Chemist: 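Input: one structure, supplied below.
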Amino acid sequence: MTEMISTAYSELTRVLPWSLRALGYSFPVADRASHVVATAAAIEPQILDAFLDPAQRSASAGAIYEVGANRFEIDASGVSLFEIGPVAMDFAGARTPGAGYLRTMIEGALNVEVLPAVLLIACEYGVEALAVAMDGTDRSWVLASGAPGSRRILRGSGSLPPQLLGMLDDDFADDLRRCFEPGDRKSKCAIFFTRRKLGEISRVASGGEIIEADQMISQSFGRGIRVTPETLQAIYELEKITWAPTSERSRAQAGFQQSTGGAA
Amino acid sequence: MTLISRSIVPTHGEDSMTTPKQKLTLPSFLEDRLNDFAGSAGADEVRGLLRDPDELMTVRTLSCMKASRLSFADMLVSRMVRQKWSIKRLSGECDDEGAGRFVYRIDAGKHAFTYIARAYPWDGKEKVGRRSDGALRDMFGALFLGLADDDRIQREFETFDMRETDAMRTDGDVIGWTPANRSSRHFDQVVDALVDGRQPDLQGDVQYILRNGGFQSSGRNGSISYPGIPADHPLCHPFFADLFAIYLVRIVSIDLVNAVAKNRNPNAAELDRRLAARLGVGNSSGQGMCVALQRWPHWVSTWVTQRELALAYAKAQPITDDGREAVKSAILRAAEGYATMDAIDEAFGKPGHLIAANLRTIAGWLDTPVQGKWNEVAEKVAASMEGETREQVNSFLLDLVPEFCDAIAPYFVLGTKRQRVLDPTMTAGSLRELLRRNYSWALRSDRTYASSHQHFWYHSVDNGEQRRGERIVDPHEEFESFIDHFGLIQRLASVLASYDDGTLVGEITLRHPDLHFAISRVQYLDGLAYAEIRDCLADRSFYPSQLIRFFLASLGIRYATPLSIRYVRGTFFQHAPLPEDLLEGQYTESGRSAAAREDAR
């Protein structure tokens, strides 16, 4: 069995922007995504292995959006949740205060294992996010709540805690219930946003798992994240794809060069 | 005598500074401290003396900045002296060739931690002292977060002995590793003298024995992330861990030459404390520093804002005889240092002898009693002298207001914690207004000239070190590092032009995920006048060495010498106190240890 090693959160956010760029993402997208992946790994270290699965690699492609009054839909068309997820949270952060509550449906996104980390971004905007992942008849749900510094994840599978439905406005609750009705077989994810403090149910809900997300991130700064040497090496190998041989011109600059008059 | 003459025609008009066209705002912490010290009316006067960011934040001006009491190394040493840190060597063994192991215990306030160093025998290769040296360094050290037991220390030594970059890993017990390299010439010169039973001649260019190889920390090699260092730890401060680690390399270098000499000759001399105090740690920095400045502009803002506020406060003080004597004496001491600097290409900086001559002229102005405020001296200097002299004098003016500098220093921590977070509820109209207010200098830049963004920067195969390539000509542009903030801002402005004023930022990033970086940058830097560098690093005329000098001055290196367009060398901690000085409390604000002062006499 491989001996695990630790990697600090900062090590991931230093190398992952380059690893992700090697996978085809632009600098701004890779930079942001590196924090999403590092946060996801702080919560669940094994996602780093999934991220390296060649079948999961995708470059930015054309996602399709449809925006309505209290909803927006994203056909991700194979774009990663690294990329589409954070901007969906931006949109929710912009629209939720005016709309009261907002719903999105995301289909066809890759890297869905980073969903909890993506939802935590909504908390930075004072918005709580409840996601229901639908895969055939299977249902699982993730709630991200709390303010930065004390964000937590509550997640479970099957039906939602009844206390949660009891806290919601009728429209919101009805929309949510529909996610649990038999429907088409496509894999998709519905996310509901509200400024209500849904996280309070974590005190009374049973059957769900509570993860103190910010505490885990904080621990990952200190104690690090457990990872196999092979996974970490693979991340570094990806980074090296972005390295280039030093050009002769660049080598020449290393020497003591005579001034060429500033603009030459 | 009145110093200022309004009829003076600046001899270097392009170097002189003016106050800003619009009133600058200060972060609330600094505003509060300013009001505490100066009162409401005094604060207005000080704010009026803050310099115009359009002139201050150019590469040219930043490259002139000099180390001061608000540089990180100075603040660290000040803390070490104030808290009487204890640095004790617990064990030290080495052979004739300098292969050895050293273990130290540091007591700093209520905290104790371990530092270990593994020295290797000379392999005949003079190393440059950068990441490209890989694992083949002449020394590796590890700075622990707390006290390490024997087993843990042994494990770390075994890791060093692997000497293979990819295989060497540590864990969260360690703040960072200190790779270092010998100057073989300096090392041999010092050791040979000691073996002969005499003191080495350090009058020439021998300023260090070991060269800094780049502190590997904050997650590198598995070390703890900086945010993971407990808030009450004495090294939980920007750059304190990095610099203290370098300081420890200096102590190892002294212990190492003594130990090697003793091995070769049991009757060898021990390096005199006065000479030891002259030794620092050599350093050569590359253009990766410029990328860091672009990535974290709130660092730049924090450093420059504090320096400028302290400078403005000092300028508002009346000139006293004691102050005049103190500034004059500091200026003359610095003139000695500049006079001995290596020659440099004038494209990269002013020659040391010129700055030395300028400083002596200014010292002459201060020979006789002067009335007025320090601003009048500063204005005369700015109007008469080139930029490096001006900034050197400005650095000394901070010594006139030590209590104020101490009072604002906590902002170094607060300012660095600023987070780049998007406000998705901001409208496109408000964002456009931010661009007009804070980025007119970038929006007016003419990008039609290829020379305006001719260079791209990339990670080279030399262990990922930064290099520059030319667009179109050199390959790998698709993996360029972010340095072109002019391009970033202009693209943002052009996309924004297609949206109505009422569109929300969160709606825009949904359509343009890549703009999150630009928008959040513009938003989080609003109100920080000294954050953005107002020249384009991708421009053909930009020399990385200019901003490297700024970075090194902020860290605390004095008399830095640009070696080329992209490397700047200097020495850390020359004349800083030795561990004995710390315990004896014999260290003064003049920046010299008791032994060095004695030596100077």
Side-chain angles (χ1 to χ4, degrees), chain A residues 5-14 18 21-22 26-29 31-32 60 65 67 72 83-84 86-95 97 124-125 218-224 229 233 236 239-247 249-250 253-260 262-264, chain B residues 166 169 171-172 218-230 345-348 421-426 451 458-462 464-465 467-470 473-476 478-482 504-518 540-541 563-567:
Chain A
I5 58 175
S6 70
T7 176
Y9 191 98
S10 301
E11 182 169 29
L12 290 178
T13 53
R14 180 179 294 115
W18 296 101
R21 289 187 70 179
S26 67
F27 157 71
V29 170
D31 183 64
R32 192 177 194 192
S60 300
Y65 309 89
V67 175
F72 64 110
E83 178 171 354
I84 210 74
V87 290
M89 299 303 111
D90 295 346
F91 186 85
R95 285 284 187 92
E124 294 174 5
Y125 303 144
S218 180
Q219 287 167 7
S220 72
F221 281 122
R223 292 207 301 265
Q233 187 182 351
Y236 274 105
E239 180 204 25
K240 287 177 184 171
I241 293 173
T242 68
W243 293 1
T246 303
S247 73
R249 188 173 298 96
S250 190
Q253 288 175 4
F256 201 118
Q257 240 186 26
Q258 201 59 34
S259 167
T260 48
Chain B
D166 289 343
R169 295 287 297 177
D171 59 27
S218 200
R220 283 201 171 85
N221 311 100
S223 58
I224 191 170
S225 301
Y226 279 169
I229 298 176
D345 187 319
E346 289 201 39
F348 308 140
V421 175
L422 186 84
D423 174 4
T425 61
M426 180 181 275
S451 61
Y458 63 93
H459 278 190
S460 79
V461 290
D462 299 332
E465 285 198 1
R467 297 285 183 269
R468 291 200 304 181
E470 275 191 38
V473 178
D474 291 318
H476 248 55
E478 71 271 28
F479 292 133
E480 69 176 295
S481 304
F482 168 71
L504 301 176
V505 154
E507 296 167 344
I508 297 170
T509 58
L510 183 68
R511 305 289 178 176
H512 305 277
D514 62 305
L515 286 184
H516 171 274
F517 179 80
R540 186 166 63 178
S541 64
L563 284 174
S564 69
I565 284 175
R566 73 175 186 213
Y567 289 119

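Naming convention: chains lettered A, B, ... in sequence-line order (proteins, then strands); numbering from 1 in each chain. Every value quoted in this text rests on a predicted model; they were computed, and no experiment measured them.
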Chemist: Please rank G228(B), G222(B), G172(B), S225(B) by heavy-atom pairs under 4.5 Å with chain A and give me the top one.
Modeler: S225(B)

Chemist: Could you tell me which portion of S223(B) (side chain, backbone, both or neither) has an atom closer than 4.5 angstrom to a non-hydrogen atom of chain A?
Modeler: backbone

Chemist: Listed by chain and number, what are the salt bridge (charged side-chain N to carboxylate O under 4.0 Å, His left out) partners of R21(A), not counting sequence neighbours?
Modeler: none

Chemist: Of the backbone (N, CA, C, O) and the side chain (C-beta and beyond), which part of R220(B) lies under 4.5 Å from a heavy atom of chain A, both, or neither?
Modeler: both

Chemist: Taking H516(B) for the side chain and V29(A) for the main chain, is one N or O donor matched with an acceptor at less than 3.5 Å?
Modeler: no

Chemist: Would you call the rings of F517(B) and F27(A) parallel, tilted or perpendicular if under 30° counts as parallel and over 60° as perpendicular?
Modeler: perpendicular

Chemist: Can you tell me which portion of V421(B) sits under 4.5 Å from chain A's heavy atoms? Options are side chain, backbone, both or neither.
Modeler: side chain

Chemist: List in chain and number order the residues that pass side-chain hydrogen bond (donor to acceptor under 3.5 Å, both in side chains) with S218(B), two or more places apart in sequence or in another chain; answer none if no residue qualifies.
Modeler: none

Chemist: Where on I224(B) is there a heavy atom nearer than 4.5 Å to chain A: the side chain, the backbone, both, or neither?
Modeler: both

Chemist: Below 4.5 Å, heavy-atom pairs only: which of I508(B), V505(B), T425(B) has the largest tally toward chain A?
Modeler: T425(B)

Chemist: Under a 4.5 Å heavy-atom cut-off, does chain A meet the side chain of D166(B), its backbone, both or neither?
Modeler: side chain

Chemist: Does A244(A) offer a backbone N or O that forms a donor-acceptor pair with the side chain of Y458(B) under 3.5 Å?
Modeler: no

Chemist: Check P424(B) against G93(A) and note the closest heavy-atom contact, atom names and distance.
Modeler: CG-C, 3.7 Å

